[in-house]
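Inspection log for the structure reproduced underneath, given as structure tokens.
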Amino acid sequence: MTTTIRLHNTRTRQTEDLVPLIPGKVRMYVCGPTVYDRAHIGNARPVVVFDTLFRLLRHVYGAGNVTYVRNFTDVDDKINAKAAQTGRPIRDITDETIGWYHADMDALGALRPTHEPRATEYIGAMIAMISDLIDRGHAYAAEGHVLFDVRSYAEYGKLSGRSVDDMIAGARVEVAPYKRDPMDFVLWKPSDATLPGWDSPWGRGRPGWHIECSAMSKALLGETFDIHGGGIDLQFPHHENEIAQSCCANHSGQFANIWMHNEMLQVEGKKMSKSLGNFFTVRDLLDQGYPGEVIRFVYLQTHYAKPMDWTHDKAMQADATLRKWRALVAGVEAGKAHDHIVNALADNLNTSLATYWLHHMAAEIQDKQTDLDRGVSGLSYDSEYVAELRRTFLASAQLLGLLLPELGGWDEAGVDLAPWVNRLAGLRAEAMETKDFAPVDALKSALTTAGLEVRMSKAGVELLPGPGFDVGKLPVLE
RNA sequence: GGCGGGUUGGCGGAGAGGUUACGCAGCGGAUUGCAAAUCCGUGAAGACCGGUUCGAUUCCGGUACCCGCCUCCA
């Protein structure tokens, strides 16, 4: 029995069963970054969202049956501007930025997509598609530009629920004398000698923004495929234009089946912007000490279709929860993910509900382990049963990209705490005799100040690093 | 002006037309030298106004407020 995945389709405004166009195989395209600077934490949201979907698809259909394409836009006026400003070659800038992007997204536990095409490697495909559009009467050349004729495509505006006439009435469209209609958008534009350009039937120039995704998805996935994703801000104009180009150029007249859009991210309740001083790149957060796994977990706690607020407080809660969970599966090997988790994700990627189940499973493990430790008689389970629960819990978390070995380590002290453990245990043993607990309390207090959680029980003394743990604040032992 | 999203208990955040979501924090208790952790128990909600219904936080309409897109910032 294969799991049926249901996804909300922005195109039809309905939640639908995912029925792969090629039975048993799923193809997904997600709009990637323009590579001129570090990715900010808003850029990272779709990365985590669609990585989670990718993991679910691989789980349900098999890793070899899912093709995930995410592009790099490496030709763009912002990149040109940066090159002009710094005097560096464009390729240097884009190569460096792609390296950053990989490092930062790896840190969030995002798998690399199957293909990560660079726009500049598909210029020929774009020119071919533009030529097709002209031949079919959907585009026209004018003053070195090639423009898409929105009036030639009756469905234009359907994805975003707009009409061409309404948008023109909004009077916020660029007025250019060579446009037949104000809403017509650029497929190709001329480059002067200072700008990167490629020879084309319309002269030396460079592609407009939208055509690359149409060309690359066609080259790597085919004219039609199953899922197209991206941020809701891309719905118009980018995705609308992609649909227009692809549907008009493709012989099938079809393009992506299901469109998925993630809502935006805010910071401490406000839109992230440089002027408000609440603008963060992923690298900023990592450098500030937020582990990538913590960032990922904060993202997953909010459903992708709802606006999400990044707050320090949420990160601290996520930090504490993950520490607890990591302790629960220390030394455990992953088993098989629980159906509850699979089903929650299969229900339009309900990651919030999935985390509820993780809490539920963790509590069960904790409860049963406590009873075993206490030697409660007449239990209906044994330690092997609890061990199996741990394996299932770990696999379930890993389906969400959490508790992966490669994301670990941040919850460890980084130094051997044994000397402090021994000293505390020694002082405590003495105090038990003398009844003078002042030295014990003094050391305990110092350790707590350093960010350690101090646990003392009949079994012994334990020191666990917490979110604020600072090696430098550890008390010096004589 | 046009299009779209949101408003749930102290905070975060889901599902479901009628039965405790859950997490964090709080409160009471067990345990502890004191704590921590753990365990037991517990209070707390559905922006506002109408409508549909035997019954709505869940469906419909309206109001208010917030946010996003329409300006190649996901």
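Fair warning: this is a prediction, and the values are worked out from it, not measured in the lab. Each chain gets a letter, A, B and so on, in the order the sequences are listed, and its residues count up from 1.
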Side-chain contact check for A/Lys314: nearest option of B/rA74, B/rG23, B/rG13 is B/rG13
*asked:* Has A/Asp192 got a side-chain atom pairing as donor or acceptor with A/Leu195's backbone, closer than 3.5 angstrom?
replied: yes
**Prompt:** Reckon A/Leu265 touches a base, only the sugar-phosphate, or nothing at all at heavy-atom distances under 4.0 Å?
**Reply:** base
Closest to the 5' end of RNA chain B, once A/Val454 and A/Gln266 are matched to their nearest nucleotides, is A/Val454
B/rG46 versus B/rG6 - spacing of their C1' atoms, nearest Å: 14 Å
Show me the protein contacts with nucleotides 32-34 of chain B, counting only N or O atoms at under 3.5 Å.
residue : atom : partner  : partner atom : Å
B/rU32  : OP1  : A/Lys458 : NZ           : 3.2
B/rG33  : N1   : A/Asp441 : OD1          : 2.9
B/rG33  : N2   : A/Asp441 : OD1          : 3.2
B/rG33  : N2   : A/Asp441 : OD2          : 2.7
B/rC34  : O2   : A/Lys444 : NZ           : 2.6
B/rC34  : N3   : A/Lys444 : NZ           : 2.8

Considering only heavy side-chain atoms of A/Thr321, the closest of B/rA74, B/rG23, B/rC70 is B/rG23
* Measure from the ring center of A/Phe185 to the ring center of A/Trp209 and say whether it is less than 6.0 Å. => no
So CZ of A/Arg70 and SG of A/Cys213: to nearest 0.5 Å the spacing works out to 12.5 Å
Students often mix this up, so state it plainly: with edges at 30° and 60°, are the rings of A/Trp259 and A/His228 parallel, tilted or perpendicular?
parallel
Picking from B/rA36, B/rC72, B/rA74, the nucleotide nearest the side-chain atoms of A/Arg455 would be B/rA36
message: Check this for me: does the side-chain of A/His40 come within 3.5 Å of the base of B/rA74 through a donor and an acceptor?
response: yes
Consider only side-chain N and O atoms of A/Asn348 and A/Tyr304, and report whether a donor and an acceptor are under 3.5 Å apart.
-> yes
Of B/rC72, B/rG15, B/rA74, the nucleotide closest to the side chain of A/Asp77 is B/rC72
Quiz item: Expressed as a whole number of Å, how far does the C1' atom of B/rA14 sit from that of B/rU57?
Solution: 13 Å
We want to know whether A/His239 and A/His261 form a side-chain donor-acceptor pair, criterion being a heavy-atom distance below 3.5 angstrom. yes
Are A/Trp357 and A/His338 close enough that their ring centers fall under 6.0 Å? no
Review point. Expressed as a whole number of Å, how far does the C1' atom of B/rG2 sit from that of B/rG23?
Key: 40 Å
Problem - Modelled atom types, side-chain donor and acceptor of A/Ser191 and A/Arg206, under 3.5 Å - result: yes
Checklist entry - With sugar-phosphate meaning primed atoms plus P, OP1 and OP2, does A/Lys324 contact a base, only sugar-phosphate, or nothing at under 4.0 Å between heavy atoms? => result sugar-phosphate
Reading nucleotides 2-10 of chain B from 5' to 3' and marking B where a protein heavy atom lies under 4.0 Å of the base, S where only the sugar-phosphate is that close, and - otherwise, the string is BS-S-S---
Notebook entry, point to check: Which whole number of Å gives the distance between the C1' atom of B/rA44 and that of B/rG13?
Noted result: 16 Å
Out of B/rU38, B/rG23, B/rA36, minimum distance to the side chain of A/Glu453 belongs to B/rA36
**Asked** Is the A/His138-A/Tyr153 ring centre distance short of 6.0 angstrom?
**Response** no
Under a 4.0 Å heavy-atom criterion, the protein footprint on nucleotides 40-48 of chain B, written with B, S and -, is ---------
In short, salt bridge (charged side-chain N to carboxylate O under 4.0 Å, His left out) pairs touching residues 452-467 of chain A with sequence neighbours left out are A/Glu453-A/Arg455
Applied to residues 364-373 of chain A, the side-chain hydrogen bond (donor to acceptor under 3.5 Å, both in side chains) test, sequence neighbours excluded, yields A/Glu364-A/Lys368, A/Gln369-A/Asp373, A/Gln369-A/Arg390, A/Asp371-A/Tyr381
What integer number of Å spans the P atoms of B/rG33 and B/rC24?
26 Å
Nearest-nucleotide check on RNA chain B, A/Asp76 vs A/Ser352; residue mapping nearer the 5' end is A/Ser352
Exercise. Using a heavy-atom cut-off of under 4.0 Å over every strand shown, decide if A/Glu462 touches base, sugar-phosphate, or nothing.
Key: nothing
Base-pair string, RNA chain B, Watson-Crick plus G-U, cut-off 3.5 Å on both distances, | for inter-strand, is (((((((..(((.....[...))).(((((.......)))))....(((((..]....))))))))))))....
_Over 60° means perpendicular and under 30° means parallel, so tell me whether A/His312 and A/Tyr290 are parallel, tilted or perpendicular._
perpendicular
Minimal heavy-atom distance between A/Leu403 and A/Gln398, with the atoms involved, is O-NE2, 3.1 Å
message = Once you apply a heavy-atom cut-off of 4.0 Å, does A/Thr302 come out as touching a base, just sugar-phosphate, or nothing?
response = sugar-phosphate
